Amino acid sequence: MKIVRTIDELKQAVNARRSEGPVGFVPTMGALHEGHASLIERCRRENATAVVSIFVNPTQFNDKNDLKNYPRTEAADCALLETEQVDIAFIPSTEEIYPEPDTRVFRFGPLEQAMEGEHRPGHFNGVAQIVSKLFSYVMPDKAYFGEKDFQQIAIIKEMVRQLALSVTIVECPIKRAEDGLALSSRNTLLTPEQRAIAPVIYMTLKEAVARKAWSGVEEVQKWVVEQIDSNQAMKTEYFKIVNADTLQDASSWDEPGTKRGCIAVKVGDIRLIDNIKF
């Protein structure tokens, strides 16, 4: 595995391999786990070259404490990348990516106004800034993202459309622990007690899907929030059942299109997200 830390080194390393076949790319913020490994494994399988970036992007954090506390585990991350037979690891400094402030403003309309966009102002603009930069450096044929960040995938697809990029966005299933908790780098910040109760989120989502048989959309939404918030250590930030394509609120099960239930929960001070198909 070749580790590069500058944009020029990255471009040279990728271009040296491009003639071998398709280039796949997995952008990450590090603190890698089995969920990332599943993305990398698929990238490796479908491309001649697998590129992974590790960069905690400051422009997508609207909470400075969240940025400060985000786990950073470079040595362990590199060991995982070696095991997964990654070809190129890009691990830049903040100064390398942002030698000067990125003042670009992206507009995603209704896609960015609900859920994460409502609760994390500026988050998706920061995501679009960094992902568009990384795409311009790597110029991948395919890029891989986990469905845990369901709204983020919709935003990135729209960004690709707006910028007329040739990359294909590949959505990969959520990877879960045995007890159902969606794997996340933030899980490492949970205390043992918090980690023990966090699987309630997915258990509640599964029960919500079952309740679709006899309850309306609003009723199911209200029930999920009540169930989560009945535990004093947890607080629902939002739970929305939305059209999976438009991310707009669903008002009934009979509306056209697939429905997705998206949730954000604070477990103590740690914010976890998840989603489920209805």
Side-chain angles (χ1 to χ4, degrees), residues 27-29 31 35 56-71 102 104-131 145-159 174 181-190 194 197-202 204-205 208 217-218 220-251 259-278:
T28 82
M29 293 209 299
V56 181
N57 175 44
T59 70
Q60 69 190 68
F61 286 83
N62 61 316
D63 181 340
K64 289 182 179 177
N65 280 331
D66 193 16
L67 172 61
K68 176 184 171 185
N69 295 327
Y70 198 87
D102 189 339
R104 292 177 299 160
V105 176
F106 292 82
R107 305 290 185 193
F108 298 110
L111 288 178
E112 68 177 337
Q113 291 163 6
M115 299 186 295
E116 293 296 287
E118 181 181 349
H119 291 272
R120 302 180 69 187
H123 170 67
F124 286 127
N125 197 69
V127 168
Q129 287 176 343
I130 186 58
V131 174
F145 295 87
E147 284 188 340
K148 181 174 72 70
D149 298 295
F150 189 77
Q151 188 174 9
Q152 176 177 278
I153 291 175
I155 292 288
I156 290 171
K157 283 184 170 180
E158 175 60 16
M159 181 202 77
I174 298 172
L181 180 65
L183 296 186
S184 168
S185 300
R186 296 176 195 271
N187 293 354
T188 62
L189 302 175
L190 298 169
Q194 291 168 340
I197 63 170
V200 167
I201 299 169
Y202 184 55
T204 305
L205 292 180
V217 170
E218 284 190 26
V220 170
Q221 289 181 157
K222 183 180 177 184
W223 179 84
V224 166
V225 174
E226 288 174 349
Q227 286 294 114
I228 298 290
D229 292 358
S230 66
N231 190 312
Q232 291 186 338
M234 306 173 83
K235 178 65 178 174
T236 307
E237 200 169 83
Y238 66 79
F239 174 63
K240 295 281 190 179
I241 298 172
V242 299
N243 179 296
D245 296 319
T246 66
L247 302 186
Q248 298 308 289
D249 291 357
S251 57
K259 311 298 184 296
R260 200 92 179 191
C262 300
I263 195 166
V265 177
K266 279 283 193 76
V267 183
D269 292 329
I270 309 306
R271 187 176 187 275
L272 303 178
I273 63 172
D274 202 346
N275 63 81
I276 198 166
K277 184 178 179 180
F278 275 82

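Here the structure is a predicted model, which means the values were calculated and not measured.
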Please report the closest heavy-atom contact between [X] and [Y], naming both atoms and the distance.
{"X": "Pro71", "Y": "Ser185", "answer": "CG-O, 3.5 Å"}
{"X": "Gly146", "Y": "Ile153", "answer": "O-CD1, 3.5 Å"}
{"X": "Pro58", "Y": "Leu67", "answer": "CB-CD2, 4.0 Å"}
{"X": "Asn57", "Y": "Val127", "answer": "ND2-N, 4.5 Å"}
{"X": "Met29", "Y": "Val56", "answer": "O-CG2, 3.5 Å"}
{"X": "Ala128", "Y": "Phe108", "answer": "CB-CZ, 3.7 Å"}

Report the distance from atom [atom1] of [X] to atom [atom2] of [Y], rounding to the nearest 0.5 Å.
{"X": "Lys266", "Y": "His119", "atom1": "NZ", "atom2": "NE2", "value": "11.0 Å"}
{"X": "Asp102", "Y": "Gln129", "atom1": "CG", "atom2": "CD", "value": "3.5 Å"}
{"X": "Ile273", "Y": "Phe150", "atom1": "CD1", "atom2": "CZ", "value": "11.5 Å"}
{"X": "Leu181", "Y": "Leu190", "atom1": "CG", "atom2": "CG", "value": "7.0 Å"}
{"X": "Thr204", "Y": "Met234", "atom1": "OG1", "atom2": "CE", "value": "7.0 Å"}
{"X": "Thr236", "Y": "Ile228", "atom1": "OG1", "atom2": "CD1", "value": "5.0 Å"}

Residues [X] and [Y] bridged, charged N to O under 4.0 Å:
{"X": "Lys235", "Y": "Asp229", "value": "yes"}
{"X": "Glu116", "Y": "Arg271", "value": "yes"}
{"X": "Arg260", "Y": "Glu147", "value": "yes"}

For a 4.5 angstrom cut-off between non-hydrogen side-chain atoms, does [X] reach [Y]?
{"X": "Met115", "Y": "Val242", "answer": "yes"}
{"X": "Ser184", "Y": "Lys148", "answer": "yes"}
{"X": "Val105", "Y": "Asn125", "answer": "yes"}
{"X": "Val224", "Y": "Ile241", "answer": "no"}
{"X": "Ile174", "Y": "Asn275", "answer": "yes"}
{"X": "Val200", "Y": "Gln227", "answer": "no"}
{"X": "Val265", "Y": "Phe239", "answer": "no"}
{"X": "Phe124", "Y": "Gln151", "answer": "yes"}

Between the main-chain N or O of [Y] and the side-chain N or O of [X], is there a donor-acceptor pair closer than 3.5 Å?
{"X": "Arg186", "Y": "Leu272", "result": "no"}
{"X": "Asp63", "Y": "Arg120", "result": "no"}
{"X": "Asp274", "Y": "Gly261", "result": "no"}

Taking [atom1] in [X] as the centre, count heavy atoms belonging to other residues, nucleotides or ligands within less than 6.0 Å. Is the count above 12?
{"X": "Glu218", "atom1": "CD", "answer": "no"}
{"X": "Lys240", "atom1": "NZ", "answer": "no"}
{"X": "Asp269", "atom1": "CG", "answer": "no"}

Point to revise | Test side-chain contact (heavy atoms from CB on, under 4.5 Å) applied to Met159 and Phe106, step by step | key: CA-CA 8 Å; Met159 181 202 77; Phe106 292 82; 4.0 Å; yes
Point to revise | Aromatic ring pairing Phe61/Tyr70, orientation class (parallel under 30°, perpendicular over 60°, tilted between) | key: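 If you compare the ring of Phe61 with that of Tyr70, the planes turn out perpendicular.
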